[in-house]
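First the structure, in the form of structure tokens, and then the observations on it.
Computed from heavy atoms alone, side chains included, the values below leave out hydrogens, waters and symmetry copies.
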Amino acid sequence: MNKAVDGENGQLLRLSGFSHESFVDGPGIRVVVFVQGCKNACEHCHNPESWDTSGGEEYTVREVIKMIKDAAGTVRRKNHAAAGLCMPAVARDTRKKEFQGVTFSGGEPFLQAGALVKIATAIKRTGLDITVYTGYTYEDLTLRADKDTQALLALSDYLIDGLYINKLRDIGLKFRGSKNQRIIDMNATRNTGQVVEFM
């Protein structure tokens, strides 16, 4: 792919992976963007391959927005013909309304907040919500002066915050791995002026 920068949508970001459909990375059915680069190095991290800031692959903002829109707007059907089943051919089946949102995971999303702000801005126009995983706490992030961090917080509907701490691991928790991590309802938090947990 041509990675030439062509304005804001040509800004580059590094990804470690991309999931077209997930039920475990936030509320509802979600597209997941796994960013590359993390300085936390949590013990027993689920994605240690995402730590290296020079790893992964580079994409433009424009490319990632298209990937998300394609994933959220198309059903990927199994190849029934290969299984010997007679099924009518279906090229595309719009299901945008079934997807609730997009999740930024990692890696550490706030290391590439500027590019993610542009992606989140475009995606929210489609009616999808934004969930962000971070090793930082909400309180730490609110103290940062940089505009990209504050803009990404402002665009987030859910923030799953805190380091993964293996000794606090709890497989019964939804959308997170250890008991210290919170799912913060960012819209309710902004409305009330205090942290409101989603569940």
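- Between S156 and M186 the shortest heavy-atom distance is O-CB, 3.1 Å.
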Passes side chain to side chain contact (heavy atoms under 4.5 Å, CB included), F110 versus L116? Steps please. CA-CA 8 Å; F110 282 91; L116 293 178; over 6 Å; no
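- Atom CG of L143 sits about 11.5 Å away from atom OG1 of T149, to the nearest 0.5 Å.
- There is no path of hydrophobic side-chain contacts, each under 4.5 Å, that joins W51 to F18.
- Here NZ of K66 is found 11.0 Å from OG1 of T60. Values are rounded to the nearest 0.5 Å.
- One N or O on the side chain of R30 and one on the backbone of V102 form a donor-acceptor pair closer than 3.5 Å.
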I'd like to know whether R182 forms a salt bridge (Lys or Arg N to Asp or Glu O under 4.0 Å) with E139, so could you lay out the CA-CA distance, the side-chain angles of the two residues, the decisive distance to 0.1 Å, and finally the verdict. CA-CA 12 Å; R182 302 173 294 182; E139 290 80 5; 2.7 Å; yes
Side chain to side chain contact (heavy atoms under 4.5 Å, CB included) assessment of N40 paired with Y164: CA-CA 9 Å; N40 294 319; Y164 170 71; over 6 Å; no
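- K124 places a side-chain N or O within donor-acceptor distance of the main-chain N or O of L155, the cut-off being under 3.5 Å.
- Of the possible polar contacts, one joining the Q150 side chain to the L141 backbone as a donor-acceptor pair under 3.5 Å is found.
- Summarising the geometry, atom OG belonging to S178 is positioned 11.0 Å from atom NZ belonging to K167; distances are rounded to the nearest 0.5 Å.
- Taking the side chain as every heavy atom from C-beta outward, V33 and I119 never approach each other to under 4.5 Å.
- The side-chain contact (heavy atoms from CB on, under 4.5 Å) test with Q112 is passed by exactly one of L13, V117, D148: L13.
- Here the straight-line distance linking atom CD of E58 with atom CD of E63 works out to 10.0 Å at 0.5 Å rounding.
- Side-chain atoms of L111 and K39, non-hydrogen and from C-beta on, do get closer than 4.5 Å to each other.
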Walk me through it: do I160 and T134 pass the test side chain to side chain contact (heavy atoms under 4.5 Å, CB included)? CA-CA 6 Å; I160 301 173; T134 180; over 6 Å; no
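- Contact annotation: the side chain of R14 never approaches that of T53 to less than 4.5 Å [non-hydrogen atoms, C-beta and beyond].
- Taking NZ of K118 as the start and OG1 of T121 as the end, the distance is 8.5 Å to the nearest 0.5 Å.
- Formation of a donor-acceptor pair under 3.5 Å by the Y133 side chain with backbone atoms of P109 is not found in this model.
- Nearest heavy atom pair, residue S105 against residue V32, reads CB-CG1, 4.2 Å.
- No continuous path of hydrophobic side-chain contacts links L163 to F34 [ILVMFWY only; heavy atoms under 4.5 Å].
- Within the 3.5 Å criterion, the main-chain N or O of Q194 finds a donor-acceptor partner in the side chain of T192.
- Here the shortest heavy-atom pairing between F104 and A120 reads CE1-CB, 4.0 Å.
- Both tests hold for R144 against Y136: distance to the six-membered ring centre under 6.0 Å, angle to the ring axis within 45°.
- Across all their heavy atoms, A71 and H20 have their closest contact at CB-CD2, 3.6 Å.
- Between T142 and the choices T189, L153, V195, the side-chain contact (heavy atoms from CB on, under 4.5 Å) rule is met once, by L153.
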Step-by-step salt bridge (Lys or Arg N to Asp or Glu O under 4.0 Å) determination, R176 to D170: CA-CA 8 Å; R176 58 209 192 276; D170 184 344; over 6 Å; no
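- No side-chain heavy atom of V35 sits less than 4.5 Å from a side-chain heavy atom of E108.
- In this structure, V196 is not a member of the same hydrophobic cluster as I183, with clusters built from ILVMFWY side-chain heavy atoms closer than 4.5 Å.
- D157 contributes no side-chain N or O that, together with a main-chain N or O of N187, makes up a donor-acceptor pair within less than 3.5 Å.
- Scanning both residues, T131 and P27, for their nearest heavy atoms gives OG1-CD, 4.0 Å.
- The OG atom of S22 sits 9.5 Å away from the CZ atom of F99 when rounded to the nearest 0.5 Å.
- The side-chain heavy atoms of I68 and V64, taken from C-beta on, include a pair separated by under 4.5 Å.
- For F175 against G26, the heavy-atom pair with the smallest separation is CE2-O, 3.2 Å.
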Worked check of side chain to side chain contact (heavy atoms under 4.5 Å, CB included) between F23 and I29: CA-CA 5 Å; F23 298 87; I29 306 172; 3.4 Å; yes
